[in-house]
**Q** 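Next up is a structure, given as structure tokens.
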Amino acid sequence: MKQRRWSIVMLWMLSMMFFAAPSFAQSGKVVIDNNGVDVDESRINTAARQLTDKGALVVVVLTDSTGGQSETAYLDSRLKDLGIGNSSKAGDRPNNVLIYYVSFDPRYSSILPGRDYNQALTTGNQSDAIRNNQLNAGLKANDPTRGLVDALTATSRVISDPAGAASSSSQSSSSSSGIGSSLVWVIVIIALVAIGFFVVPGLLKRRSSQAAEAGAQVNTRARFDQAKKNAGIAIADLAQAMRDAGEKQRFDKISYPTTQANELEKRHRAAESSFTQIKVQFDDINERIDNVVNPSVTDLEGAAGGYDGITNQVRQLTSELQAMDGLRKELDTINAQAPAEVDRAKKW
């Protein structure tokens, strides 16, 4: 009797595990790695629930400082420590993951979707729009909680739109399938008549169009490669210029009067922030193109234009660094002409 009861209990437990497994597999999860950043985790969890209900793994990584590491290297190390993929690269991220990453020193933010959500969030640069309009807006207002909550809400809305569009398309297709047989025959006859007049010339025109498209693809790919190369070289040169500027800025306070030293420090910080944003833009363009299996002419042209914009921004920032050097030269001339007056001006 006891064995029979035990068998019944075991059978019941196995059946419960069998039926419960699908629900567990479909549920998502929230991971918040704040590293001392003050945020309201309860609000973030509540906002993330609309994504976890869809099966998403929502990962929020925050840090006051990367500790000298690059932005990407720091995120990679945190993801490994959390047991979420081998790195932040697209191929290493879990398919159902949505990563929200914010660093305050240096200032950096990114939204990295897994394969399940990549198409919805990269189409029309939706991830960039959410990062700029929701996440960064909250960060600039010194309210990271609000930025994350708004970004999570916007992400859920964007992910839900493609499903609705697909449903609408399916209903439209279904309603159009009830065409009467008489109309079908009319269409068949018209199609047969049209073959002699339109199909053959159309095939010839299509071949010509395909050849033109192939040529455009080759030309645009060459322009894309050159624009990317130019932007990469410009960023590398600017990185060296920023390091040189950082060395000069260390001595401004002991070399120049307080007012001019503070102005140089303010302009240097603004230059550092602009440089960080330039690197973010470059990485974003790279990732968008890497996630497209066969980039179209439009995709490549858009990315090339983005790289051109980065190159122009680098030129402007380089001009600002040169202007700061010009100010230093003027102050050095004044120092040489009247060192005693400068010394008195630096005292407080």
Side-chain angles (χ1 to χ4, degrees), residues 30-52 56 58-79 81-82 88 97-113 121 125-158 242 245-246 249-250 252-253 258-259 261-284 310 313 316-317 320 324:
V30 181
V31 177
I32 300 177
D33 184 47
N34 62 0
N35 296 294
V37 177
D38 185 17
V39 291
D40 189 339
E41 294 191 16
S42 62
R43 287 179 59 194
I44 295 173
N45 275 294
T46 299
R49 191 174 302 146
Q50 54 196 323
L51 292 167
T52 58
V58 178
V59 179
V60 177
V61 177
L62 309 167
T63 183
D64 279 326
S65 172
T66 62
Q69 292 181 287
S70 70
E71 299 88 348
T72 302
Y74 178 85
L75 177 59
D76 289 348
S77 67
R78 293 308 306 150
L79 293 177
D81 290 343
L82 295 169
S88 60
V97 78
L98 289 166
I99 301 172
Y100 299 81
Y101 174 40
V102 174
S103 165
F104 289 90
D105 181 21
R107 294 185 178 182
Y108 184 90
S109 66
S110 62
I111 299 176
L112 305 174
L121 290 176
N125 297 334
Q126 290 290 349
S127 60
D128 276 353
I130 294 171
R131 184 174 65 84
N132 290 322
N133 300 332
Q134 278 80 33
L135 181 56
N136 286 355
L139 296 176
K140 290 177 181 178
N142 199 27
D143 190 352
T145 298
R146 191 198 80 187
L148 288 165
V149 168
D150 291 347
L152 290 165
T153 301
T155 302
S156 178
R157 184 169 59 251
V158 169
M242 289 299 301
Q249 198 273 330
R250 291 171 51 196
D252 287 343
K253 288 188 177 180
T258 302
T259 300
N262 288 342
E263 177 187 350
L264 286 168
E265 182 180 10
K266 180 179 179 181
R267 291 169 69 176
H268 183 77
R269 288 180 178 176
E272 286 182 329
S273 178
S274 297
F275 183 46
T276 298
Q277 291 303 315
I278 287 172
K279 292 188 291 183
V280 170
Q281 292 177 37
F282 186 81
D283 290 342
D284 285 348
I310 287 172
Q313 292 180 60
Q316 294 172 7
L317 190 50
E320 168 64 4
M324 292 168 64

**Q** Do Asp283 and Glu71 have side chains that approach each other closer than 4.5 Å (heavy atoms only, starting at C-beta)?
**A** no

**Q** For the backbone of Leu62 and the side chain of Asn35, can you confirm whether one donor and one acceptor N or O come within less than 3.5 Å of each other?
**A** yes

**Q** Please report the interatomic distance NZ(Lys279) to CD1(Ile310), rounded to the nearest 0.5 Å.
**A** 12.5 Å

**Q** Can you confirm whether Leu121 sits close enough to Val158 that some side-chain heavy atom of one is under 4.5 Å from a side-chain heavy atom of the other?
**A** yes

**Q** I'd like to know if the side chain of Thr145 and the backbone of Asp40 have a donor-acceptor N/O pair within less than 3.5 Å.
**A** yes

**Q** Under the rule for salt bridge (Lys or Arg N to Asp or Glu O under 4.0 Å), what residues qualify as partners of Asp81, not counting sequence neighbours?
**A** Arg78

**Q** Quick check: does any side chain N or O of Asp143 sit under 3.5 Å from a backbone N or O of Gly138, one acting as donor and the other as acceptor?
**A** no

**Q** More than 12 foreign heavy atoms under 6.0 Å from CZ of Arg107: is that the case here?
**A** no

**Q** Are a donor atom and an acceptor atom from the side chains of Gln313 and Gln281 found within less than 3.5 Å of each other?
**A** yes

**Q** Go through the structure and list residues passing salt bridge (Lys or Arg N to Asp or Glu O under 4.0 Å) with Arg43, not counting sequence neighbours.
**A** none

**Q** Consider side-chain contact (heavy atoms from CB on, under 4.5 Å). Of Ile111, Asp128, Asn125, which one does Asp284 pass it with?
**A** Asp128

**Q** Leu264 versus Gln249: any side-chain heavy-atom pair under 4.5 Å?
**A** no

**Q** What distance do Glu265 atom CD and Lys253 atom NZ have between them, rounded to the nearest 0.5 Å?
**A** 4.0 Å

**Q** For residues Val61 and Val102, determine if any side-chain heavy atom of one lies less than 4.5 Å from a side-chain heavy atom of the other.
**A** no

**Q** Just checking, is any N or O donor in the side chain of Ser109 or Asn136 under 3.5 Å from an acceptor N or O on the other one?
**A** yes

**Q** Can you measure from CE (Met324) to NE2 (His268) and round to the nearest 0.5 angstrom?
**A** 6.5 Å

**Q** Knowing that exactly one of Leu112, Leu98, Leu75, Leu79 qualifies, which makes a side-chain contact (heavy atoms from CB on, under 4.5 Å) with Val59?
**A** Leu79

**Q** Check whether the side chains of Tyr100 and Thr155 place a donor and an acceptor atom closer than 3.5 Å, and report yes or no.
**A** yes

**Q** Looking at every non-hydrogen atom in both residues, tell me the closest pair between Pro106 and Thr66 and how far apart they are.
**A** CD-OG1, 3.6 Å

**Q** List in chain and number order the residues that pass ring pair (Phe, Tyr, Trp, His ring centres under 6.0 Å) with Tyr74, two or more places apart in sequence or in another chain; answer none if no residue qualifies.
**A** none

**Q** Flag the pair Arg146 / Val149 as yes when at least one side-chain heavy-atom distance between them is below 4.5 Å, and no otherwise.
**A** no

**Q** Mind checking the CZ-CG spacing from Phe104 to Asn142? Nearest 0.5 Å is all I need.
**A** 7.5 Å

**Q** Which heavy-atom pair separates Gly36 from Asp64 by the least distance, and what is that distance?
**A** O-OD2, 4.2 Å

**Q** Drop me the distance from Ile44's CD1 to Ile32's CD1, to the nearest 0.5 angstrom.
**A** 4.5 Å

**Q** Between Ser156 and Leu152 (side chain of the first, backbone of the second, donor and acceptor by atom type, cut-off under 3.5 Å), is there such a pair?
**A** no

